Amino acid sequence: MLATANLAGMRAAPLGLERAAFAAGLFHDLGKYNPRFQRRIAGEKLSVDHATAGGKVLLEVMTGHDKAMAEVIAYAILGHHTGLPDRKNETNACLDWRIENCPEINPDWREELGELPKDLVPHALFSRFPRDDKKKWYFAWSLMGRMIFSCLVDADFRDTEAFYAALENRQIDRQWPELQALLPTLSARYEAHMAGFSRSGNLNGLRGAILDHVRGRAALAPGLFTLTVPTGGGKTLASLGFALDHAKAHGHRRIIYAIPFTSIIEQTAAIFRNVLEREGEQIILEHHSSIDEDAASRKAPPEQHDKLKLAMEDWAAPVVVTTNVQLFESLFAARTSRARKLHNIAGSIIILDEAQTLPRQYLLPVMRMLEALADQYGCTIVLCTATQPALGKREGFDGLSLDASRELAPDPHDLAMRLARAKIRHAGDMDNDALIEALSEQDQALVIVNSRRHALELYKQAKEQGLSGLVHLTTRQCAAHRRAILDDIRERLYNKVPCRVIATSLVEAGVDVDFPSVYRAEAGLDQIVQAAGRCNREGGRLREDSLVTVFTPPDYAAPVEVKGLIGDMKRIIDNHDDLLSLAAIEDYFREVYWRVGDKGLDGKSILDDFSVTGAGTDFGYRTAAEKFRMIESGMEPVVIPFDQKAKDAIDKLRVDSIYSGRIARLLQSYVVQVPPKARALLLANGQVRFVEPELRGDQFAVLENASLYSAEIGLLWEDADYLAAENTMV
């Protein structure tokens, strides 16, 4: 217990929580003094809860101000195996029930533990807690409990890991270089890379000016920033330069780059590797997966844990490129496997790319988390986007403390005008026939619609009518396939050959393509602006000739969420001559947030799960974690044997010495998400099967019938029933 206590205290020291985390580690296994546990060690098959007694005893022995801290620490102790509990609920897994029903333990622990810890209150951290808002104060207490929990579970994992490694004479490679030690090298590589870009011409000169201005702000005090740069202004590399300079100025421990879409995370990670890494180095951790890697890796024996897998557990790498889902679901997690990285998020620079995509029903909890990380745990947060979502505090909206002094870009309103390279026009109703007629008049154009069904039907109809250069791009295709398609699109555009692309919204944010003309089905203004970023992206044509045509598809109803955003846009449209202006975008987001209100911005009442009363804390950690699911599509993965790399990875599933999590990472670019009923039908009809279910469970559903996956279209799961009947015919 002392080893875990020391490790926990070390992890918590940068947070100012070393004494509290040390106490958590010292008491966490006190339940092993239960006589039943001793009998279990002796060989009896007994089930013993050894995680509750430490919390109970801590609550009994602590007095004064330490007693309040003991209550927060107790959540961590009780949760160090099964996850953070609720204070009270209807089950026997909640903190109150477990404490009340915890058996007595052998009092010998008092002699063996020695002097009990005291002065657990982190006064410096407390001084940064908000005092003028009770809900924010409650949230700060609950986040402190999460940080203690993270330090404890990571220390416990590491102590156990080290014990078994020594026992089995194994070496474990967990060593990642520290960001501060790397900064001179990384900064030099960044400078060399950026020196390769020309600054001649209007656009390149403007990008250079933006870069210089952003980096010139790096000495500002850590905290919340915005970076508002239109598409094509170079904000990705500018934000990386700011992060390197800011970390050097203020001692941050790592850089975390969070991206909303898996479709562009690999692209961003590749850019960063090209800039920062050299062959054979591991500096950047890329953490995302279309398969539940946590479930796939749960039973992995320790000797199969490789360095990347271990780094995914605790985010110890100096640079992490991840998804919003991984970041925020970890920050609100109750499970040990996800929450153990939280203490390493503290003291980081967090760049939120495409910040306008933060889910609205979770926006208030997300904002409370971001401001707490900035105010209490030394994080710098950069909201990076072409369309800032009006998250600043104002009357009637309890947003973030943002103002013009925390904007990194030079005069965003002027930039929006100077970098606007397209015009938006509204065409009213356009059915598929009208869209096909419009496409037939242009050799190169992009059509973006709101559903995979619409994209597929429009593509098929256009193909039947003989249009050349047709390309279908949707999430029916696995990511590896989409990358190949995008490479082909770029080549066609460059060579000025026919290229008529029909896509869903996955093509909008961060995808580097440049069309002379774009058609966009009605959506929110933020999506339309993102679509406009694919039109005349490089500024090679006149703005007046580069049209983004917004249309209403009469035969395809907009999704419910999109329908509301269309209404928001229509309410502000007459107030602005130019919908690509920042004033229009700000007006639009204000309208969106006003419409949904606080209840809509905390749609699952997550903030209500954390309160403090005269009776003490009432934190619903587990309830909140179950509510906080940023992706709730209910879709299920099917692995596509798209190329030899995918087939080789699928073959590895038959090798029991290779753990599932490693294979899941290899296959994450070969997954298509399908409706649960469709996958069940594919499985029932033998079109898809679970590979090695005895070894891997139901983690890897692999497509068996290659005819269901088209090089043009992707996965056609709708044909599963027909093909099953066809296969029975003689």
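The structure presented is a predicted model; accordingly, all values stated were derived computationally and were not measured.
Formation of a donor-acceptor pair under 3.5 Å by the Arg425 side chain with backbone atoms of Leu547 is not found in this model. Formation of a donor-acceptor pair under 3.5 Å by the Asp514 side chain with backbone atoms of Asn536 is found in this model. In this structure, the side chain of Arg490 does not engage the main chain of Asp488 through any donor-acceptor pair within 3.5 Å. Counting only distance, with no hydrogens or angles, the side chain of Gln444 and the backbone of Arg492 share a donor-acceptor pair below 3.5 Å. Judged by distance alone, the side chain of Lys627 and the main-chain N or O of Lys604 form a donor-acceptor pair under 3.5 Å.
Residue Asp487 places its CG atom among more than 12 non-hydrogen atoms of other residues, nucleotides or ligands, all under 6.0 Å distant. Within 6.0 Å of atom CD in Gln442, more than 12 heavy atoms from other residues, nucleotides or ligands are found, so the atom counts as buried in its surroundings. Heavy-atom contacts from other residues, nucleotides or ligands closer than 6.0 Å to CD of Glu437 number 12 or fewer. Annotation for Asp429: atom CG counts as buried by contact number, over 12 foreign heavy atoms lying within 6.0 Å.
Not less than 6.0 angstrom separates the ring centroid of Phe690 from the ring centroid of Phe700. Remark: aromatic rings of Tyr257 and Phe272 are close, center separation under 6.0 Å.
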*Go through the steps for Phe242 and Leu240 under the test side chain to side chain contact (heavy atoms under 4.5 Å, CB included), then give the verdict.*
CA-CA 5 Å; Phe242 169 83; Leu240 178 60; over 6 Å; no
*May I have the step-by-step check of side chain to side chain contact (heavy atoms under 4.5 Å, CB included) for Arg482 and Leu506, ending in yes or no?*
CA-CA 10 Å; Arg482 293 199 302 270; Leu506 69 86; 4.0 Å; yes
*Begin from the C-alpha positions of Leu579 and Ile573 and carry the test side chain to side chain contact (heavy atoms under 4.5 Å, CB included) through to its verdict.*
CA-CA 7 Å; Leu579 287 176; Ile573 198 168; 3.9 Å; yes
_Steps toward side chain to side chain contact (heavy atoms under 4.5 Å, CB included) verdict (Leu473, Ile502)_ = CA-CA 6 Å; Leu473 183 66; Ile502 296 167; over 6 Å; no
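The existence of a salt bridge linking Glu591 and Arg595 is excluded, since no basic side-chain nitrogen approaches an acidic carboxylate oxygen closer than 4.0 Å. With salt bridges taken as basic N to acidic carboxylate O contacts below 4.0 Å, none links Lys463 and Glu457. Here Arg500 pairs with Asp443 in a salt bridge; the nearest charged N to carboxylate O distance falls below 4.0 Å. The pair Arg590-Asp587 does not count as a salt bridge, with every side-chain nitrogen at least 4.0 angstrom from each carboxylate oxygen. Under the 4.0 Å criterion applied to side-chain N and carboxylate O atoms, Asp526 and Arg520 are not assigned as salt-bridge partners. Ion pairing between Arg418 and Asp414 holds under the 4.0 Å rule for side-chain N and carboxylate O. Checked for salt-bridge contact, Arg273 and Glu286 meet the test: a charged N lies under 4.0 Å from a carboxylate O. Glu561 has a carboxylate O that lies under 4.0 Å from a charged side-chain N of Arg360, or vice versa, which qualifies the two as a salt bridge. For Glu718 and Arg452, the salt-bridge test fails: no basic side-chain N is under 4.0 Å from an acidic carboxylate O. Between Asp512 and Arg537, at least one side-chain N (NZ, or NE/NH1/NH2) sits under 4.0 Å from a carboxylate O, which counts as a salt bridge. A salt bridge does not link Lys647 to Asp643: none of the charged nitrogens lies less than 4.0 Å from a carboxylate oxygen.
Looking only at atom types and distance, the side chain of Tyr556 has a donor-acceptor partner in the side chain of Asn432 under 3.5 Å away. Looking only at atom types and distance, the side chain of Tyr670 has no donor-acceptor partner in the side chain of Lys645 under 3.5 Å away. Side-chain atoms of Asp433 and Gln461 include a donor-acceptor pair closer than 3.5 Å.
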Going by atom type alone, with no hydrogens or angles, which donor-acceptor pairs under 3.5 Å involve a side-chain atom of residues 225-236 and a protein atom two or more places apart or on another chain?
residue: Thr226; atom: OG1; partner: Glu407; partner atom: OE1; Å: 2.6
residue: Thr228; atom: OG1; partner: Gln388; partner atom: NE2; Å: 3.4
residue: Thr228; atom: OG1; partner: Glu407; partner atom: OE1; Å: 2.8

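Of all the heavy atoms in Phe589 and Ala390, the pair that sits closest is CB-CB, 3.7 Å. Scanning both residues, Ala678 and Trp717, for their nearest heavy atoms gives CB-CD1, 3.5 Å.
Among Leu408, Leu400, Ile351, the single residue meeting the side chain to side chain contact (heavy atoms under 4.5 Å, CB included) criterion with Leu383 is Leu400. Residue Asn324 is tested with Val366, Ile259, Leu358, Asp353 for a side chain to side chain contact (heavy atoms under 4.5 Å, CB included); the sole match is Leu358.
Judged as a side chain to side chain donor-acceptor pair (under 3.5 Å), and not counting sequence neighbours, the contacts of Tyr709 are His481.
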